Amino acid sequence: MSEVYVVDAVRTAVGKRNGGLADVHPVDLGASIIRSIMDRVSIDPEKIDDVIFGGVESIGGQAGNIARTSWLAAGYPESVPGVTVDRQCGSSQQALHFGAQAILSGTAEFIVAGGVQNMSQIPLGAAMTVGNEFGFKTPLSGSKRWRERYGDQEVSQFRGAELIAKKWDISRESMEAWALRSHQRARAAIDEGRFVDEIAAVEGFMVDEGPRETSMEKMAVLSPLVEHGRLTAATSSQIADGASAVLLASEAAVVRHSLRPRARIHHFSVRGDDPIFMLSAPIRATRHALERVGMSIDDIDLVEINEAFAPVVLAWIKDLGADPDKVNVNGGAIALGHPLAATGTKLFTTMLNELERRGGRFALETICEGGGTANVTIIERI
């Protein structure tokens, strides 16, 4: 069977809301990361078969197929196409999966997969703000078929996170302890220069802005996001801006161009779960992926799971019996931010670099997504 190889991966530093990337047009942000990935390899840009980017809230500067416009804005050949996909928070991870599928099918040799998001300019929910003008209060309001199956109950990530915390009996204190660990790990990673090789400068911006000094005492006084809830802003991912990209190649292309890939894609899949819980799907998706490849969680040397909310990660660890010391070892989205469509290949980039740094063999990435789905990617270091 043919293989899919990871030639290289890169990300921007993550800017906090109204921070270092806030004024960069989304297309320019996408163009910057595409130039960065292409500058790292010695191949003719004409050889790229497709540019597949994740896109969430595709309005304004993020509309119009940002994969294509970013490639063109980067100054590369008009003959190379681009497509933008939306699997919510896992959009760029799905872009990578689609790229891998194209290579395995034999229809592509080189794919640039990634994502871009400027949440400072276009905030989460902006598409629904526009939708209100056309009579839609929520994406599901007015759907008879949805109401027949799920009723009129609230469908939101905040409710889903609270339901997860309750079902898996995760206390506010344990969530805050994980959040504190996330900040501590992220600050240590920055101080020790662990991110330097994976970050490309955008207008001189080079350092993640999210991590901060905090404490259990500071977090304890925050009000919950919902009345009588367990979640607070401290145990939630940060609004952020950023971009990321991965270059995938076929086995034949690697040989023909004398490339030295960094990893191979061992497995990729996606599964669904209860859309009301919404964020619990990484558990089912991870179990499915491990079963498909005949592995256990103990075979995995490193894990990146998106910290959309602390209970997502803690429920996953609890249910899978995973070692927390292998999970988000350089901090997660609670500390570093969650630039939506860029997060999938951002986490992938960090995971690849850390796997190499540790000399490990296998690493796993998973992300919870709106609608109750989750992607899983397993890579093997070469």
Side-chain angles (χ1 to χ4, degrees), residues 9-22 89 92-93 115 117 119-120 174-202 205-219 222 231-244 282 301-314 316-317 322-340 342-358 360 363-368:
V10 67
R11 70 176 180 91
T12 67
V14 177
K16 63 183 180 181
R17 179 168 52 181
N18 300 323
L21 294 177
C89 297
S92 57
Q93 189 179 9
Q117 199 83 42
M119 299 180 75
S120 295
S174 64
M175 289 189 281
E176 290 172 345
W178 183 265
L180 178 62
R181 178 185 285 196
S182 185
H183 283 284
Q184 291 171 336
R185 287 175 166 180
R187 291 201 316 274
I190 292 170
D191 291 344
E192 294 171 17
R194 292 184 215 159
F195 295 146
V196 170
D197 292 339
E198 68 189 58
I199 291 178
V202 177
F205 181 69
M206 276 289 292
V207 180
D208 297 303
E209 292 182 315
R212 56 182 179 268
E213 293 281 352
T214 188
S215 67
M216 295 293 287
E217 292 74 21
K218 289 179 180 178
M219 288 186 281
L222 295 177
L231 288 160
T232 70
T235 53
S236 308
S237 57
Q238 294 187 45
I239 293 169
D241 311 322
S244 56
D301 299 303
L302 196 67
V303 172
E304 285 287 339
I305 174 172
N306 191 38
E307 291 175 357
F309 299 91
V312 173
V313 181
L314 293 174
W316 183 91
I317 290 172
D323 181 354
D325 289 335
K326 294 181 179 180
V327 179
N328 297 0
V329 298
N330 292 318
I334 289 172
L336 292 161
H338 175 24
L340 300 182
T343 293
T345 40
K346 170 197 174 294
L347 296 185
F348 186 94
T349 300
T350 297
M351 178 175 73
L352 174 62
N353 279 269
E354 185 61 25
L355 188 65
E356 291 174 335
R357 194 178 77 84
R358 292 179 171 231
L364 181 149
E365 175 190 3
T366 185
I367 295 180
C368 58

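Position 1 is the first residue of the sequence; numbering continues from there. Just so we're clear, the structure is a prediction, and the values are computed from it rather than from any experiment.
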**Q** Could you tell me which residues satisfy side-chain contact (heavy atoms from CB on, under 4.5 Å) with A333, sequence neighbours excluded, listed by chain and number?
**A** S237, N306, E307, H338
**Q** Going by salt bridge (Lys or Arg N to Asp or Glu O under 4.0 Å), name the residues that satisfy it together with E209, two or more places apart in sequence or in a different chain.
**A** none
**Q** With side chains defined as the heavy atoms from C-beta onward, is the minimum distance between K16 and I239 less than 4.5 Å?
**A** no
**Q** Compare every heavy atom of V207 with every heavy atom of I190, then report the nearest pair and how far apart it is.
**A** CG2-CG1, 4.0 Å
**Q** Please find the pair of heavy atoms, one from Q238 and one from G210, that lie closest to each other, and give the distance.
**A** NE2-O, 3.3 Å
**Q** What I'd like to find out is whether the side chain of P282 reaches to under 4.5 Å of the side chain of I367, using heavy atoms alone.
**A** no
**Q** Quick check for you: to the nearest 0.5 Å, what is the distance between T345 atom OG1 and M351 atom CE?
**A** 11.0 Å
**Q** Identify the two heavy atoms, one from G115 and one from A342, that lie closest to each other, and give their separation to 0.1 Å.
**A** O-CB, 3.6 Å
**Q** Can you sort out the partners of M216 under side-chain contact (heavy atoms from CB on, under 4.5 Å), two or more places apart, ordered by chain and number?
**A** E173, E176, A177, L180, M219
**Q** For S174, give me all partners under side chain to side chain donor-acceptor pair (under 3.5 Å), at least two apart in sequence or on another chain.
**A** S171
**Q** For F195, give me all partners under ring-ring contact (aromatic ring centres under 6.0 Å, His included), at least two apart in sequence or on another chain.
**A** none
**Q** A side-chain contact here means heavy atoms from C-beta on lying under 4.5 Å apart; do N353 and F348 qualify?
**A** no
**Q** Test side-chain contact (heavy atoms from CB on, under 4.5 Å) on V327 and I305 and set out the steps.
**A** CA-CA 7 Å; V327 179; I305 174 172; 3.6 Å; yes
**Q** Going from CG on L340 to CD on Q117, what distance comes out if it is rounded to the nearest 0.5 angstrom?
**A** 4.5 Å
**Q** I'd like to check the side chain to side chain donor-acceptor pair (under 3.5 Å) partners of D208; sequence neighbours left out, ordered by chain and number.
**A** R11
**Q** Give me the atom names and distance for the closest heavy-atom approach of G15 to L21.
**A** N-CD1, 4.1 Å
**Q** Ignoring hydrogens and geometry, is there a side-chain-to-backbone donor-acceptor pair from E304 to L347 under 3.5 Å?
**A** no
**Q** What residue pairs, at least two apart or across chains, pass salt bridge (Lys or Arg N to Asp or Glu O under 4.0 Å) with a residue in residues 210-219?
**A** R187-E213
**Q** Under the rule for side-chain contact (heavy atoms from CB on, under 4.5 Å), what residues qualify as partners of A22, not counting sequence neighbours?
**A** S120, D241
**Q** Within the 4.5 Å heavy-atom criterion, are C368 and W316 side-chain neighbours or not?
**A** no
**Q** Test of understanding: with side chain to side chain donor-acceptor pair (under 3.5 Å), list the residues that count as partners of E356, not counting sequence neighbours.
**A** R262
**Q** Any non-hydrogen side-chain atom of M119 less than 4.5 Å from a side-chain atom of R17?
**A** no
**Q** Mind checking whether V10 and S244 have side chains closer than 4.5 Å, heavy atoms only?
**A** no
**Q** Do you know which two heavy atoms are closest between T343 and C89, and how far apart they sit?
**A** CB-O, 4.3 Å
**Q** If you define the side chain from C-beta out and look only at heavy atoms, does anything of F309 sit under 4.5 Å from T235?
**A** no
**Q** Of all residues at least two apart in sequence or in a different chain, which pass the side-chain contact (heavy atoms from CB on, under 4.5 Å) check with D325?
**A** R181, R185, D323
**Q** Can you name the side chain to side chain donor-acceptor pair (under 3.5 Å) partners of R357, sequence neighbours left out?
**A** E354
**Q** Using side-chain heavy atoms (C-beta onward) and a distance below 4.5 Å, is K346 in contact with S92?
**A** no
